[in-house]
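Just below is one structure, and these are the notes that go with it.
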Amino acid sequence: MLQQTQVKTVVPYYHAFLSEFPDISVLSSTDLHVLLKTWEGLGYYARARNLHKAAKKVMTEYDGRIPDAYDAIITLPGVGGYVAAAVLSFAYGLPYAVVDGNVKRVISRVFAMDLPVNRPASHRIFQATADRLIDRQQPARFNQAIMELGALVCTPRNPQCKTCPLGEGCQAYLQGAAGRFPVRDRRKPVPVYEMAIGAICAKHRLLIVRRPVDGLLGGLWEFPGGTVNDGEPPDAACSRIILESTGLRLTGPSLLSHIRHAYSHFKVKAAVYTIEHGDGEIELSGPAEHAWVSADELQSYPLTGVARKILPLLPPLPEPGHGVKVYPVRSSN
């Protein structure tokens with residue numbers, strides 16, 4: 001959970017997660033739908049899916065015990081060098097250095113390193129430096145200390161250099177250049193995608209579709225929609241997208257609102273339409289699953305960030321619509 005997410009955000013999710021899944025056995029046997037709902041709002045959902053896969057592998061291949069050897073733990077889904085080092089040092093007391101953004105910032109300032117911290121090729125040098133520095137007798141304490149130092153003292157802005165225990169040996173501080181480090185490559189502009197989304201209502205139910213498990217936002221549910229072509233009117237795009245993805249022919253999309261949402265690597269600008277009538281049966285060619293749900297039932301589904309923003313905008317469900325066959329929800333296993 002702490003990958004790419006701040007501690008203050010993680011804490012309530014962490015406690016809720018442990019309450020729902022107290023051990024690896026329970027986690028491995030739970031439905032992914034339930035896990036994603038517990039994770040909802042924390043973002044980077046591949047972490048949750050990989051955690052689920054890793055729990056299953058630990059149960060089947062390691063008798064329910066997380067392996068204590070680097071070559072073994074690194075094979076678990078979602079486990080890279082950062083997670084492997086954290087688990088091996090914190091849980092097993094083994095001398096593996098954890099290198100995250102906080103650690104890179106401390107190292108870059110202490111040694112006045114000009115390597116861009118966000119350049120993948122630089123990571124091995126920061127890792128090698130941390131490996132050289134680690135206290136082999138107390139690796140967990142060392143890792144926690146340097147991470148905490150970066151989080152609370154050696155902060156990105158306004159670092160507390162005068163009270164830092166490393167101040168006397170910090171090259172950036174001694175040069176009066178702490179603000180120049182760490183160095184970063186300039187990021188490319190974040191792309192913005194224009195979308196059209198339809199909240200389709202029939203018989204007091206809304207249509208939602210499930211994203212493919214292994215793709216972006218995998219396993220989450222959303223209102224059907226897609227990308228608007230260049231020069232295409234959004235309302236026409238909405239009807240086209242719904243027809244292409246579900247087989248439903250829609251009449252009279254009514255604009256509900258415009259919303260914006262930012263993900264890690266792109267942003268979404270969406271026109272949201274309400275549609276009360278449909279003609280045809282569901283023939284999904286994209287998402288693997290769909291469900292017609294009431295407003296109350298919708299609360300139990302793990303939703304995308306865009307879908308969660310749409311929910312409070314929806315008017316009360318109208319009287320039943322016409323011509324849309326209601327299907328039972330399919331299994332999400």
Side-chain angles (χ1 to χ4, degrees), residues 1-10 39-50 77-83 85 98-109 111-130 147 150-151 154-159 172 177-197 211-220 222 225-232 234 237 241 258-272 286-287 303-310:
M1 287 183 175
L2 289 171
Q3 288 178 290
Q4 299 170 298
T5 307
Q6 293 182 340
V7 173
K8 63 181 180 181
T9 301
V10 164
W39 197 278
E40 185 182 49
L42 195 55
Y44 299 95
Y45 290 92
R47 298 180 297 178
R49 299 194 301 273
N50 283 330
V79 174
Y82 168 75
V83 171
V98 175
V99 176
D100 66 357
N102 288 321
V103 174
K104 286 183 179 179
R105 186 165 56 255
V106 171
I107 290 175
S108 70
R109 285 173 174 163
F111 296 101
M113 294 172 63
D114 286 321
L115 293 171
V117 293
N118 59 338
R119 186 180 296 175
S122 301
H123 183 80
R124 61 182 179 83
I125 299 175
F126 283 102
Q127 183 69 59
T129 304
M147 293 168 74
C154 192
T155 50
R157 296 179 180 83
N158 303 315
R180 193 168 70 82
F181 298 94
V183 175
R184 287 183 173 275
D185 282 337
R186 181 170 295 182
R187 293 182 178 179
K188 296 179 180 179
V190 177
V192 179
Y193 298 111
E194 185 177 357
M195 299 186 67
I197 299 172
R211 297 182 64 87
V213 172
D214 293 327
L216 178 69
L217 304 174
L220 298 183
E222 62 186 0
T227 305
V228 177
N229 294 328
D230 290 342
E232 184 180 24
I241 292 163
H258 288 93
I259 64 170
R260 295 177 180 268
H261 189 76
Y263 290 102
S264 56
H265 301 299
F266 64 94
K267 296 179 180 179
V268 168
K269 177 184 177 182
V272 183
L303 302 173
T304 64
V306 169
R308 290 200 308 276
K309 284 187 175 179
I310 293 174

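Predicted model only: the values in this text are computed from it and were never measured. Any value given below was found using the heavy atoms of this structure, including those in side chains, with hydrogens, waters and symmetry copies removed.
- Under a 3.5 Å cut-off, the side chain of R47 and the backbone N or O of L42 do form a donor-acceptor pair.
- Using a 4.5 Å heavy-atom cutoff, the side chains of R180 and D114 are in contact.
- For R105 against C154, the heavy-atom pair with the smallest separation is NE-O, 2.6 Å.
- Counting heavy atoms from C-beta on, the side chains of P116 and N118 come closer than 4.5 Å.
- Considering all non-hydrogen atoms of both residues, A271 and P234 come closest at CB-CB, 4.1 Å.
- How far OG1 of T304 is from CD1 of I197: 7.0 Å, rounded to the nearest 0.5 Å.
- Residues forming a side-chain hydrogen bond (donor to acceptor under 3.5 Å, both in side chains) with R49 (at least two apart in sequence, or on another chain): none.
- Across all their heavy atoms, E40 and L303 have their closest contact at OE2-N, 2.8 Å.
- The ring pair (Phe, Tyr, Trp, His ring centres under 6.0 Å) check on Y193 picks up F266, with sequence neighbours excluded.
- Proximity of V306 to M195: side-chain heavy atoms (C-beta onward) are nowhere separated by under 4.5 Å.
- Side-chain N or O atoms of S122 include none that pairs as donor or acceptor with a backbone N or O of V117 at under 3.5 Å.
- Side-chain atoms of L2 and V7, non-hydrogen and from C-beta on, do get closer than 4.5 Å to each other.
- The minimum heavy-atom distance linking I241 with G225 is given by the pair CG2-C, 3.3 Å.
- Atom CG in L115 sits 10.0 Å away from atom CZ in F181 (nearest 0.5 Å).
- Here the shortest heavy-atom pairing between G78 and V83 reads O-CG2, 4.4 Å.
- Side-chain contact between K104 and P182: absent, with no pair of heavy atoms (C-beta onward) separated by less than 4.5 Å.
- The shortest non-hydrogen separation linking M113 to V183 is O-CG2, 4.4 Å.
- For the atom pair F126 CZ and F111 CZ, the distance stands at 10.5 Å (nearest 0.5 Å).
- When atom types are taken as modelled, the side chain of K267 and the backbone of R260 share no donor-acceptor pair closer than 3.5 angstrom.
- When atom types are taken as modelled, the side chain of R211 and the backbone of E222 share no donor-acceptor pair closer than 3.5 angstrom.
- Distance check, rounded to the nearest 0.5 Å: CD1 of I107 to OG1 of T129 gives 5.5 Å.
- No side-chain heavy atom of V103 sits under 4.5 Å from any side-chain heavy atom of V106.
- Remark: the backbone N or O of P77 is not paired with any side-chain donor or acceptor of N50 at under 3.5 angstrom.
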| Going through the distances and angles, do Y263 and H261 end up as a ring-ring contact (aromatic ring centres under 6.0 Å, His included)? | CA-CA 7 Å; Y263 290 102; H261 189 76; 4.6 Å; yes
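- One distance of note links OH of Y82 with CD of Q3; it measures 6.5 Å at 0.5 Å rounding.
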